[in-house]
Each structure stands twice: as structure tokens, then as C-alpha cells.
Protein chains: 2
Amino acid sequence: MASTLRDKNQKSAVSKSDAVYRTLKRAILDQALAAGTKLPEDSIGERLGVSRTIVRQALARLNGEGLIELRPHKGACVAQPSLEDARHIFAVRQSLETLVVDTLIGKLTPQQIRQLEAHVDAEGAARTNNTSASIQLAGEFHVLLAKLTENDVLLRYVTELVSRSSLILSLYGRPHSPDCAVSEHRELIAALDKGEREHACELMRHHIDAITTRALLKGNSEKDFPDLLAAYAREEGL
Amino acid sequence: MASTLRDKNQKSAVSKSDAVYRTLKRAILDQALAAGTKLPEDSIGERLGVSRTIVRQALARLNGEGLIELRPHKGACVAQPSLEDARHIFAVRQSLETLVVDTLIGKLTPQQIRQLEAHVDAEGAARTNNTSASIQLAGEFHVLLAKLTENDVLLRYVTELVSRSSLILSLYGRPHSPDCAVSEHRELIAALDKGEREHACELMRHHIDAITTRALLKGNSEKDFPDLLAAYAREEGL
DNA sequence: TTTTGCTTGATTGTGTACAAAACGCTCGCA
DNA sequence: TGCGAGCGTTTTGTACACAATCAAGCAAAA
């Protein structure tokens with residue numbers, strides 16, 4: 001596709017570690033690299049044709065964003081957010097995305113509204129595709145909203161949280177029905193368009209609640225056992 | 001306390017780049033390194049007795065947190081947040097710190113209340129000292145609150161934003177009167193203690209508003225002039 | 001048979017060397 | 001005297017090599 005070429009040019013011109021960073025990030029979010037997968041610097045570097053130095057930089061960045069875990073002398077692996085992590089992440093999303101809506105109310109141009117609607121149309125079209133692409137698109141809707149605020153900090157945090165949410169959904173989430181996400185997104189756009197501040201905020205709150213519920217309902221079986229053990233181990237100073 | 005010792009051992013034993021990271025961060029927040037100061041990898045490494053590799057890691061991390069700017073092939077320098085950056089940062093702080101208060105309401109133990117009061121006492125005691133230490137302590141109060149939520153994500157973001165706020169205050173802020181900060185902190189603790197949710201949230205909102213005003217009111221004289229020039233120059237493609 | 005200790009292999013942490021790019025300086029020219 | 005080009009120096013970007021650490025497998029003893 002065209003974007004690949006453009007990205008490749010940018011990367012080679014701007015920085016290689018960015019390229020590796022983006023590649024790994026996409027691989028993680030596409031679930032090509034499942035949660036918990038080890039990420040040895042050597043193999044990745046060899047596979048992508050760069051030195052370990054570059055890979056290390058990319059891994060450090062991903063670690064900073066919470067997408068991988070980086071334990072000293074033990075290497076990196078794709079993060080496995082605990083249920084508690086998940087609750088924390090969604091709580092902060094709740095707060096920040098309400099701010100997004102609050103910032104956007106009454107300031108969206110017709111063109112921007114159309115842009116949002118076009119995105120949701122794409123979500124609707126991808127409904128029949130596989131789950132991961134659908135989760136991806138649903139997440140990008142939130143990132144797009146954040147981008148429209150033109151608040152860099154807000155955009156960065158929302159982007160980060162949406163990425164981590166994708167990971168969580170792929171770990172714990174029930175099968176994910178895109179239908180409700182799409183309809184909720186449409187309602188939100190309508191409220192934003194009409195300038196109904198309270199209604200729009202309430203819709204966003206409810207929407208994130210729905211995602212949270214979908215994310216945390218499952219996953220109480222095999223995953224909690226090792227976590228419990230880890231808690232005990234930590235108390236012993238291990 | 002015991003944790004301090006443990007942390008220190010961990011630091012020296014576990015990783016050098018952490019040490020450099022912390023050193024640079026403190027230097028920036030203490031205004032030992034003024035905004036805009038160039039940070040050559042070589043000099044820093046030589047000064048701190050580590051190789052460029054380590055320094056580079058620390059710089060990358062600081063860049064991720066917005067404390068330094070890292071332009072390709074041009075090196076790092078202490079960040080100079082624009083007034084717009086400042087507005088963005090405080091807007092997000094507003095939102096997140098309200099979440100902190102909302103999370104904490106009704107869940108603080110008497111011991112934690114005492115801990116908060118002790119901190120504010122320290123703020124009051126440092127009132128006569130120099131400005132930077134005072135700003136520092138006032139910021140740490142907010143970090144302490146975030147820590148009490150036990151929400152890692154929230155803590156990380158608040159910490160980051162408080163750091164950047166310190167930088168902003170040192171750049172644009174008027175002389176900073178610690179008195180009002182202290183009294184506002186005390187009121188907030190009281191409201192938290194009594195479990196008055198709405199009142200506490202309102203106090204936090206008002207408090208951040210006050211900080212924002214203090215931060216952005218000044219700085220229209222000597223600092224805006226070069227900025228204005230830069231804007232003109234950019235329009236000319238320079 | 002199970003457990004403990006050692007040894008080996010693999011992987012990360014760090015320093016250093018070389019290549020490329022940007023900055024400052026001097027020199028030449030109008 | 002002012003301006004621009006060319007060159008040398010400084011600084012960053014990258015690769016690689018060596019040291020340190022961890023995990024696994026094997027052997028030996030209880």
C-alpha cells in the first residue's frame with residue numbers, strides 16, 4: 001500500500017529506531033506478537049536488518065508507553081496488563097476522553113464532522129473483517145477525536161491509553177461486537193455536532209463504561225493464578 | 001526511611017542510566033539547568049563519569065516525558081514549553097487531578113491524612129527558602145495525592161505533568177507566593193478528610209485554575225518577543 | 001527419586017570506535 | 001566593509017565487541 005512506501009521513506013530519512021518502534025508497535029497491536037511473547041534484541045535486529053542499538057532504543061520507548069515489559073537482565077516481552085492495570089487505564093481514559101469531548105464541543109467544523117463520520121463508516125465496513133482490525137479502527141476513532149483538540153499532551157496520553165486498551169481487549173475481552181461501538185460513535189458525533197455538551201460527555205462516559213465492561217467481564221480463570229503467586233513472591237522480596 | 005535506602009541501593013546496583021536520568025531531571029527542575037540549555041552527550045557523560053550510551057538512554061527518557069527537546073542531529077536541550085503547551089498541560093492536569101480527588105474521596109485512612117498534613121507542614125516551613133524549592137514541594141504534594149490512589153497510570157501522568165509545570169512556572173510564572181498554595185492544600189485535605197466529594201473536586205479545580213493563572217499571567221514582556229519573532233521568521237520560511 | 005549445586009549457553013548491559021551530519025571559522029571576493 | 005563559500009572541528013548516529021548476568025540442563029548426593 002501507499003502508506004508503507006511513504007512511511008519507509010520517512011523512516012529511512014528521519015530515524016531507523018522510529019521504524020523499528022512503529023513496526024513492533026503495529027505487530028503488537030495486530031496481535032502478531034501475542035501478549036507475553038519474548039522480544040530478544042538480537043533476533044529482532046537480525047530480522048529487521050538493524051543493529052541491537054536501534055532495537056534497544058525502540059524497546060525502551062515501547063516500555064515507556066507500557067506496551068512491553070522490560071525487566072533488567074531478562075529482556076523484553078509484550079506486556080500482559082493485569083486486570084487492575086486495566087481498571088486503572090480505563091479510569092484515566094474515562095477522565096481524559098471526557099476532557100476531549102468537553103474541549104471539542106462547539107468547535108468542530110462541518111468538515112471535521114464529515115471526517116469523523118467517514119471514519120465511522122470505515123468502522124462499519126470493517127465489521128465483517130477479523131476482530132483485531134475492528135478493535136484497531138474503533139481505537140483510532142478515539143485518537144482522531146483527541147487529535148482534533150490540537151492539544152499535544154492530551155493526544156499523546158489518549159493515544160497511549162488506546163493502544164494499551166487494544167492490548168487489554170485482545171487479552172481479556174469477550175469476542176468484541178463492533179456494532180455497538182459503531183452506533184455509540186455515531187451518537188457521539190451527533191451530540192458533538194449539535195453542541196450538546198452534557199449529553200456528549202455523558203455519551204462518552206457511557207461508551208467508555210461499555211468498553212470497560214466488555215474488557216473486564218471475561219478473564220477470571222487462568223490469568224489470575226500466576227498473578228496471585230507473584231504477589232506472594234514480592235512480599236518475600238523475590 | 002527504609003525505602004530510601006532500598007531505592008538508593010537499587011539505583012546504583014540496577015542501572016546507571018536511571019541515575020543519570022534522575023540527576024538530570026533534578027538539575028532541570030531545580031533550575032540548575034535553565035530552559036534552553038544545550039545538553040551535549042559527551043560533556044554530560046564526562047561530567048558524570050559514564051559513557052555516552054548511558055547518557056543517551058537518559059536523554060531519550062527525558063524527551064519522552066517532555067522535559068527536554070531532542071532534535072535529530074542537533075542534540076538535546078532543556079525544553080522551553082510555549083504558552084500553548086502550558087495551557088494544554090494545565091488543562092490535562094485539571095482533568096486528571098480531579099480524577100485523583102474523585103478516586104480518593106472516602107478512602108483515605110487517618111494515617112494518610114496525617115501524611116498529607118505533614119507534607120503541607122513541610123511546604124509551610126520551606127516558605128522562606130528560595131522559590132525553586134518551594135515550587136518543588138508544592139508539586140510533590142500533587143504527586144503524593146496521585147500516589148495514594150494506587151493507580152500507576154494516573155501517578156505516572158500526574159508526575160510527568162507536575163514536572164513540566166515546574167518548568168513552566170520557572171519560565172513564565174510570577175514570583176510564586178507559597179502562602180496561597182499551602183492554604184489551598186490545607187483546605188483540600190480537610191475536604192478530603194470530611195468526604196465532601198463535590199467540594200473537594202471544586203477546590204482542586206479552583207486550585208489548578210489558580211496555578212494556571214499564576215503561570216500564564218506574566219511572561220508577555222521579554223519572553224514573548226523572541227517568540228513573536230520566531231513566528232514571523234517561520235512564516236518567511238527561515 | 002528428588003533435590004541441590006555446578007557448568008554451559010544465551011541474552012542483556014556497557015564502553016568504544018567509526019561514519020555522517022551540523023556548526024563555526026577563516027578566507028576570498030565584490 | 002559586508003557577504004558567501006569552503007574547510008575543519010565538534011557532536012550526533014550507528015555498529016560492534018567485550019563484560020556481566022541469568023536460565024537451563026546435567027550430574028551427583030541424600
- Side chain A:Q112, main chain A:T109, donor-acceptor under 3.5 Å: yes

- Item | Interatomic distance, B:E41 CD vs D:dG13 P [rounded to whole Å] | 6 Å

- Message: For the backbone of B:H142 and the side chain of B:H185, can you confirm whether one donor and one acceptor N or O come within less than 3.5 Å of each other?
- Response: no

- Report yes if at least one side-chain N or O of B:K38 is closer than 4.0 Å to OP1 or OP2 of D:dT11; otherwise report no. no

- Heavy atoms of A:V20 and A:A58 approach each other most closely as CG1-CB, 3.7 Å

- Query: So, does B:S166 use its side chain to make a donor-acceptor pair with the main chain of B:V162 at under 3.5 Å?
  - Reply: yes

- Query: Taking atom P of C:dT11 as reference, at what distance in whole Å does atom CG of A:L59 sit?
  - Reply: 14 Å

- Message: I'd like to know whether B:L39 forms a side-chain contact (heavy atoms from CB on, under 4.5 Å) with B:I68, so could you lay out the CA-CA distance, the side-chain angles of the two residues, the decisive distance to 0.1 Å, and finally the verdict.
- Response: CA-CA 9 Å; B:L39 302 169; B:I68 70 172; 3.8 Å; yes

- Message: How many whole angstroms separate atom CG of A:D18 from atom C1' of D:dT14?
- Response: 15 Å

- Message: Taking the axis from the first five pairs and the axis from the last five, what angle separates them in the helix from C:dT1-D:dA30 to C:dA30-D:dT1, rounded to 10 degrees?
- Response: 10°

- What pairs meet the salt bridge (charged side-chain N to carboxylate O under 4.0 Å, His left out) rule with one or both residues in residues 75-93 of chain A, with sequence neighbours excluded? A:R93-A:E97

- Item | Atom-to-atom span, NZ of A:K16 to P of C:dA21 - whole angstrom | 12 Å

- Query: Are A:R156 and B:E160 within salt-bridge range, i.e. N to O under 4.0 Å?
  - Reply: yes

- Query: Which whole-number value in Å describes the distance from A:H73 NE2 to C:dT11 C1'?
  - Reply: 10 Å

- Mind calculating the distance between CG (B:L39) and C1' (D:dT11) to the nearest angstrom? 13 Å

- Message: Nearest whole Å is fine: how far is C:dT12 P from A:D42 CG?
- Response: 7 Å

- Message: At a heavy-atom distance below 4.0 Å, what parts of residues 44-56 of chain B sit against DNA chain D?
- Response: B:R52, B:R56

- Item | Of A:Q57 and A:K74, the one whose closest DNA chain D nucleotide lies more 5' | A:Q57

- Do side-chain atoms of A:R71 reach the backbone of A:C77 as a donor and acceptor pair under 3.5 angstrom? no

- Item | Any donor-acceptor pair under 3.5 Å from B:T37 side chain to B:V78 backbone | no

